[in-house]
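Throughout, residue positions are numbered sequentially from 1 according to the sequence presented. We count ligands from 1, going down the list as the structure has it; atoms in each ligand are counted the same way.
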Amino acid sequence: MSKNIAFIGLGNMGAGMAANLVKTGFSVTAFDLLPAALEAAAASGCDTASSAIEAVAGAEVIVSMLPNGQIVEDLYIHQDKLLDAIDNSALVIDCSTVAPANARAMIAAASERGIAAIDAPVSGGVAAAAAGSLAFMCGGEESACAAAKPILEAMGANIFRAGEAGAGQVAKICNNMLLAIHMTGTAEALQLGMDNGLDPAVLSEIMLKSSGCNWSLEKYNPVPGVMEGVPANNNYQGGFMVDLMLKDLGLAMEASLASKSSTPMGAAARNLYNLHKNNGAADNGSMDFSSIAEFYKR
Ligand code: NAD
């Protein structure tokens, strides 16, 4: 496995992903704006570059894991003009969560230069990135998605092709909107039970074997003391931050506006998470998203 990979954006997610590429035998050249992120990448076996342009020189595959769509467009198209420095036989895989429109803009600009590119956002948090068990939802031409598969398999357990350019982002937005809806619903039902004298552990056990069963209840119970090893049992630290859920719900609302879809449940979940973020003296944005249970608490 000798492919040269440039990896840009070695934050909470990218660090583990790049380390897994190295473990699989790829040669990885990393770039991040933060020196500390680059030092950590070097410690996990990556070569480091002093700019994104330097990182992509000679790269056969470019993987990026960046905070938002503006940064992705600025990096590839507008500011750094990275696409102009990438060999046209290379493959670009952007794993950042961005609006479908950002993904389509980057992929179209790549295509104009004869470069194959796909969007491949992930499901699974920092722990899954470190463990190499992410799910990738790909959008782009079939041949490009097929070429990306061996790279993505080094970082994930499930690789899907959702459709054409931007389709991976649409799948990601739909999934996370549903996640927010069933998490808020689960917290709401458990609080209703507690307000009426039920033990949340007993109620959870009942609903797990009844028609209210869902992923949040099964894997991520939001009430402290019900389930081992979940953020609810660790003061809602670790896991998936409220701020990131708000970002994804914002993208879902933008997408629903663009397609004139009705998403009343998603809109309610977004508002609930916004209220929760700003509820109380401290900003709750860095708490795990299951902390929405606190918002329902009397
Ligand atoms: P992060 O902020 O920890 O990491 C982003 C990294 O990108 C930072 O190290 C930053 O310095 C770097 N960066 C920013 N602009 C850059 C540029 N122009 N050039 C090079 N490096 C640059 O974010 P994260 O938690 O790793 O998330 C990354 C992406 O993954 C986001 O789009 C997020 O929505 C998505 N995501 C995150 C999670 C999660 O649980 N954290 C889960 C699924 C998806």
Side-chain angles (χ1 to χ4, degrees), residues 6-20 28-42 44 46 48-56 59 62-83 85 92-100 102-103 106 119-138 152 155-158 168-169 171-177 179-180 183 220 231 236-252 254 285-290:
F7 202 111
I8 302 171
L10 296 121
N12 291 321
M13 297 292 289
M17 293 163 70
N20 283 324
V28 179
T29 304
F31 176 67
D32 193 289
L33 295 175
L34 294 178
L38 273 186
E39 278 165 32
S44 64
C46 299
T48 58
S50 57
S51 69
I53 301 272
E54 188 187 309
V56 303
I62 296 90
V63 181
S64 47
M65 192 53 165
L66 296 162
N68 61 52
Q70 190 62 55
I71 292 177
V72 169
E73 282 203 35
D74 282 348
L75 177 77
Y76 283 105
I77 310 171
H78 308 302
Q79 272 175 20
D80 301 65
K81 300 188 180 2
L82 204 56
L83 287 174
V92 175
I93 307 174
D94 182 40
C95 299
S96 326
T97 301
V98 304
N102 299 130
M106 187 280 281
D119 53 304
V122 307
S123 179
V126 179
S133 59
L134 293 166
F136 287 90
M137 308 167 197
C138 304
L152 300 179
M155 303 183 281
N158 291 293
Q169 300 296 346
K172 161 88 188 176
I173 285 168
C174 293
N175 180 71
N176 278 23
M177 185 180 82
L179 171 62
M183 180 55 84
Y220 218 101
Y236 298 109
Q237 297 308 301
F240 184 53
M241 287 194 300
V242 166
D243 278 341
L244 282 173
M245 179 53 95
L246 273 169
K247 172 193 169 185
D248 293 355
L249 287 168
L251 292 172
E254 275 175 34
S286 60
M287 291 171 89
D288 175 71
F289 81 114
S290 64

Asker: Suppose the criterion is salt bridge (Lys or Arg N to Asp or Glu O under 4.0 Å): which pairs have a residue in residues 237-247, not counting sequence neighbours?
Answerer: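 Output for this query lists Asp243-Lys277.
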Asker: Ring centroid separation for Tyr220 and Phe289, is it under 6.0 angstrom?
Answerer: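 Tyr220 vs Phe289: aromatic centres under 6.0 Å.
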Asker: Write none if no such pair exists; otherwise list each N/O atom of ligand 1 with its protein N/O partner under 3.5 Å and the distance.
Answerer:
unit_1: ligand 1; atom_1: 3 (O); unit_2: Asn12; atom_2: N; d: 2.9
unit_1: ligand 1; atom_1: 3 (O); unit_2: Asn12; atom_2: ND2; d: 3.2
unit_1: ligand 1; atom_1: 9 (O); unit_2: Asp32; atom_2: OD1; d: 3.3
unit_1: ligand 1; atom_1: 9 (O); unit_2: Asp32; atom_2: OD2; d: 2.7
unit_1: ligand 1; atom_1: 11 (O); unit_2: Asp32; atom_2: OD1; d: 2.7
unit_1: ligand 1; atom_1: 26 (O); unit_2: Asn12; atom_2: N; d: 3.2
unit_1: ligand 1; atom_1: 26 (O); unit_2: Met13; atom_2: N; d: 2.8
unit_1: ligand 1; atom_1: 32 (O); unit_2: Leu66; atom_2: O; d: 2.8
unit_1: ligand 1; atom_1: 32 (O); unit_2: Pro67; atom_2: O; d: 3.4
unit_1: ligand 1; atom_1: 32 (O); unit_2: Thr97; atom_2: N; d: 3.0
unit_1: ligand 1; atom_1: 32 (O); unit_2: Lys247; atom_2: NZ; d: 2.9
unit_1: ligand 1; atom_1: 34 (O); unit_2: Lys247; atom_2: NZ; d: 2.9

Asker: With a 4.5 Å heavy-atom cut-off, do Thr97 and Leu251 have their side chains touching?
Answerer: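 Side-chain contact under 4.5 Å: yes.
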Asker: Sequence neighbours left out, what passes side-chain hydrogen bond (donor to acceptor under 3.5 Å, both in side chains) with Ser96? Give chain and number order.
Answerer: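 Asp94.
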Asker: How many angstroms lie between atom CE of Met65 and atom CG of Asn12, to the nearest 0.5 angstrom?
Answerer: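 That separation rounds to 10.0 Å.
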Asker: Can you list every side-chain hydrogen bond (donor to acceptor under 3.5 Å, both in side chains) pair that touches residues 119-134, not counting sequence neighbours?
Answerer: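 Listed by first then second residue: nothing to list.
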